[in-house]
Amino acid sequence: MGWTCQHDYKGMCKLVKKPCVPGMKGCTLKSSEYIFTTGSYEDDKKAAQDKQAQDIDFAALARSN
């Protein structure tokens with residue numbers, strides 16, 4: 001699967017005015033549904049577990065008080 005970014009122009013990001021690195025700070029793809037891999041399955045799995053652990057269940061928190 002491939003993609004193109006509307007802000008990419010010859011490897012430069014017109015939005016943040018820096019070299020294009022998908023997922024960097026300010027990248028419009030970062031807040032989207034895309035997931036960027038580190039290249040290591042174990043590191044990606046650990047990062048996903050850490051993110052899931054950080055999610056707060058506000059409904060459970062409200063019920064406990």
Side-chain angles (χ1 to χ4, degrees):
M1 180 175 158
W3 57 272
T4 58
C5 177
Q6 63 185 359
H7 303 291
D8 181 31
Y9 179 73
K10 297 182 180 180
M12 291 295 292
C13 178
K14 294 186 290 182
L15 185 65
V16 295
K17 297 175 179 48
K18 292 182 180 180
C20 179
V21 179
M24 69 181 169
K25 185 176 181 179
C27 180
T28 58
L29 296 176
K30 188 171 185 174
S31 61
S32 67
E33 62 189 46
Y34 296 99
I35 299 170
F36 297 95
T37 181
T38 62
S40 168
Y41 174 76
E42 291 300 322
D43 290 344
D44 292 342
K45 185 176 175 182
K46 183 177 183 306
Q49 289 172 345
D50 290 346
K51 183 180 185 306
Q52 188 177 27
Q54 290 177 355
D55 290 342
I56 299 171
D57 185 359
F58 289 106
L61 183 61
R63 285 191 297 265
S64 68
N65 288 327

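For clarity, every value in this text was computed on a predicted model and none was experimentally measured. Count residues from 1 along the sequence.
- Here Lys46 pairs with Asp50 under the salt bridge (Lys or Arg N to Asp or Glu O under 4.0 Å) rule; sequence neighbours left out.
- Under a hydrophobic clustering in which Ile, Leu, Val, Met, Phe, Trp and Tyr are joined whenever their side-chain heavy atoms come within less than 4.5 Å, directly or via other members, Val16 and Met12 fall into different clusters.
- How far NZ of Lys17 is from CG of Leu15: 7.5 Å, rounded to the nearest 0.5 Å.
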